[in-house]
Each structure stands twice: as structure tokens, then as C-alpha cells.
Amino acid sequence: MSLQKAVIAKLGEYQIRRCEKDDIPSVIEVNMNTLPEHYSDYFYYEILSEFPETFLVAELKGVLVGYIMCRIEYGFSQLKRLALARKGHVVSVAVEESHRNRGIGTALILSSHGEMIKKSATECYLEVRVSNAQAVALYQKIGYKITGRLEAYYRDGEGALVMAYQIGK
Ligand code: ACO
Ligand code: ZN
């Protein structure tokens with residue numbers, strides 16, 4: 001029996017694979033280092049147990065350098081008026097600063113889309129700080145469109161852009 005973890009994508013020496021329970025402390029560390037939005041430890045384990053297929057990590061030689069965690073939801077489409085849709089929701093994505101601009105963020109997002117499609121999602125959406133120009137540019141490059149704006153969405157009063165992208169038929 002092989003202990004090799006299933007690789008979803010490769011980017012040079014980086015590997016994208018599913019998150020496992022043992023990875024959560026490192027995921028939390030990446031989150032602490034990169035984002036002002038923090039969650040309880042329980043929240044990470046809960047998302048992992050409910051949505052294991054779309055909780056992915058980026059690893060370089062055994063060191064975790066990025067993650068994406070998502071939910072699959074059912075509700076009103078962000079893209080088609082008054083239609084219902086199964087939607088992937090990117091709850092949080094981050095890459096350690098020293099590993100950025102190498103395509104890892106893109107690879108994490110595209111890999112999560114692939115897993116969302118397998119779960120029958122037809123679109124993906126997320127919220128992002130209005131001031132987070134780098135992330136907004138990256139989402140737009142992938143094809144995400146701004147579909148809404150939530151005033152005072154974050155605890156410090158900053159607003160969020162809602163961005164969405166059609167991933168399946
Ligand atoms: N070689 C060189 N550059 C590349 C490559 C490549 N192979 N692939 C992509 N790039 C460029 C992209 O074109 C992009 O350039 P651009 O800014 O001109 O558009 C840039 O690198 C960034 O793309 P990636 O490398 O794919 O993304 P990165 O790994 O740097 O991660 C992220 C992006 C996750 C937003 C990172 O900046 C980060 O962690 N920021 C802090 C946390 C954060 O803000 N997260 C998002 C919050 S919103 C939410 O979570 C829903
Ligand atoms: Zn969200």
C-alpha cells in the first residue's frame with residue numbers, strides 16, 4: 001500500500017492535493033500569516049469534514065504554502081436572475097507571501113473548480129475586500145465578474161465585492 005497522497009495538480013515542484021486533518025495546523029498558520037480574517041480551529045475541521053473534496057492545499061517539499069477551502073451550496077444563482085444553482089463558495093484562499101506570483105493561487109482556484117464541477121456545481125462565487133486589488137485582479141483574470149457589493153461586510157467596516165464565475169453547464 002502506498003502512502004503517497006493523491007496529487008490533483010502539479011506546478012513545477014509544487015503540488016496541489018486534498019487537505020487532510022493533520023494539515024489543519026499548517027493551514028491555520030498560513031491564514032494567520034496572510035489574512036485579517038481568522039476562524040476558530042473548529043471551523044476549519046468542520047469545513048474539512050463537510051466539504052473534503054474542495055479543501056485543497058499547495059505543498060512544496062512537504063511544507064504547506066497555500067490553501068483553498070470552499071463550501072458547496074444551493075440557492076439563488078449569482079449569475080442568472082431568479083434561477084437556482086448549485087454553487088461553489090470559496091470561503092478562503094491564501095498563499096504565503098514568499099511563494100506568490102508563481103501561479104499557485106490560480107492553480108488552487110482552478111483545481112477547486114474542477115472538484116466543484118464533480119459535485120455538480122455550475123458556478124463559483126466569493127467575497128473579497130474592496131481594497132484587495134491583487135486578489136480582485138487574479139479573480140478577474142480567471143474570468144470572475146463582480147456581481148454585487150456588501151457594505152461593511154468585514155468587522156473593521158470594509159465592504160466586500162461579490163464575484164462569481166460560471167464553472168459548468
Ligand atoms: N509565473 C509567474 N507569474 C504568474 C504565474 C506563473 N506561472 N501564474 C500566474 N502568475 C501571475 C498572475 O498573472 C498574477 O499576476 P497579476 O497580479 O498581474 O494578475 C499573479 O501571478 C498572481 O497569481 P498567482 O500567482 O496565481 O496567485 P498567488 O499564488 O500569488 O496567490 C493570492 C494570490 C491568493 C490572492 C495571494 O496574493 C494571497 O494569498 N494574498 C493574501 C491573502 C488574500 O488576500 N486572499 C484572498 C482573500 S479573498 C478570499 O479568500 C475569497
Ligand atoms: Zn464567503
Side-chain angles (χ1 to χ4, degrees), residues 9 11 14 16 19 23-48 50-51 53-60 63-81 85-116 119 121-167:
L11 193 75
Y14 293 95
I16 310 284
C19 182
D23 296 314
I24 295 291
S26 303
V27 168
I28 292 172
E29 201 180 315
V30 173
N31 170 271
M32 286 293 183
N33 292 341
T34 56
L35 275 167
E37 282 68 54
H38 307 307
Y39 312 94
S40 66
D41 292 10
Y42 173 79
F43 182 80
Y44 293 89
Y45 289 104
E46 186 65 15
I47 296 233
L48 181 60
E50 268 195 74
F51 306 103
E53 300 87 355
T54 50
F55 197 149
L56 308 178
V57 297
E59 185 180 72
L60 177 67
V63 178
L64 201 146
V65 302
Y67 71 88
I68 187 165
M69 60 176 174
C70 312
R71 287 198 184 102
I72 307 284
E73 301 167 356
Y74 186 71
F76 281 109
S77 167
Q78 310 285 330
L79 296 167
K80 290 180 191 147
R81 234 181 124 241
R86 192 171 300 283
K87 307 180 285 187
H89 175 181
V90 178
V91 174
S92 182
V93 55
V95 173
E96 286 283 9
E97 196 163 4
S98 56
H99 297 272
R100 286 186 198 156
N101 298 317
R102 297 173 190 183
I104 301 167
T106 303
L108 283 168
I109 294 166
L110 296 181
S111 298
S112 78
H113 289 171
E115 301 306 304
M116 287 169 189
K119 301 300 282 181
T122 54
E123 59 190 61
C124 181
Y125 80 98
L126 52 81
E127 301 93 14
V128 57
R129 278 179 185 266
V130 171
S131 67
N132 195 345
Q134 184 173 12
V136 171
L138 169 56
Y139 302 142
Q140 280 174 331
K141 207 169 206 173
I142 291 172
Y144 280 77
K145 299 275 187 288
I146 296 168
T147 58
R149 194 184 163 122
L150 304 168
E151 298 305 326
Y153 181 75
Y154 298 98
R155 253 202 270 190
D156 60 8
E158 188 170 348
L161 299 174
V162 180
M163 299 184 73
Y165 178 63
Q166 186 170 335
I167 56 171

Here the gap from Q78 atom CD to K87 atom NZ, rounded to the nearest 0.5 Å, amounts to 4.5 Å
Give every donor-acceptor pair under 3.5 Å between a side-chain atom in residues 141-148 and any protein atom, sequence neighbours left out.
| from | atom 1 | to | atom 2 | distance (Å) |
| --- | --- | --- | --- | --- |
| Y144 | OH | H113 | NE2 | 2.7 |
| T147 | OG1 | V162 | O | 3.4 |

Within a strict 4.5 Å, meaning less than it, do heavy atoms of the S92 and L35 side chains meet?
yes
Could you tell me the separation between the CD1 atom of I167 and the CD atom of E115, rounded to the nearest 0.5 Å?
10.5 Å
Taking the side chain as every heavy atom from C-beta outward, state whether T106 and L138 have any pair of such atoms under 4.5 Å apart.
yes
Among L48, V57, I47, find the one that has a side chain to side chain contact (heavy atoms under 4.5 Å, CB included) with I24.
L48
Looking only at side chains, do D23 and Y67 share a donor and an acceptor under 3.5 Å apart?
no
About how many Å separate CG of L60 and NE2 of H99, when rounded to the nearest 0.5 Å?
6.0 Å
Does some side-chain heavy atom of Y165 sit less than 4.5 Å from a side-chain heavy atom of V90?
no
Rounded at 0.5 Å granularity, tell me how far CD in Q166 sits from OG1 in T122.
7.0 Å
Candidate pair E59 and L64, rule side-chain contact (heavy atoms from CB on, under 4.5 Å), full reasoning
CA-CA 4 Å; E59 185 180 72; L64 201 146; 5.5 Å; no
Once you round to the nearest 0.5 Å, how far does CE of M163 lie from SG of C124?
11.0 Å
For residues S131 and E158, is any side-chain donor paired with an opposing acceptor at under 3.5 Å?
yes
4.5 Å side-chain heavy-atom contact, Q134 and N101
yes
Cut-off 3.5 Å, side chains only: do N33 and E96 have a donor facing an acceptor?
yes
Restricting to non-hydrogen atoms, name the atom on I16 and the atom on A58 that form the minimum distance, rounded to 0.1 Å.
CD1-CB, 3.9 Å
One pair to check against side-chain contact (heavy atoms from CB on, under 4.5 Å): I68 and I109. What are the steps and the verdict?
CA-CA 7 Å; I68 187 165; I109 294 166; 4.0 Å; yes
How about R129 and Y154: does a side-chain donor come under 3.5 Å of a side-chain acceptor?
no
N/O donor-acceptor pairs under 3.5 Å from side chains in residues 69-76, not counting sequence neighbours:
| from | atom 1 | to | atom 2 | distance (Å) |
| --- | --- | --- | --- | --- |
| E73 | OE1 | Y125 | OH | 2.6 |
| E73 | OE2 | H89 | ND1 | 2.6 |

Side chains of V91 and F43, heavy atoms from C-beta outward: is any pair under 4.5 Å?
yes
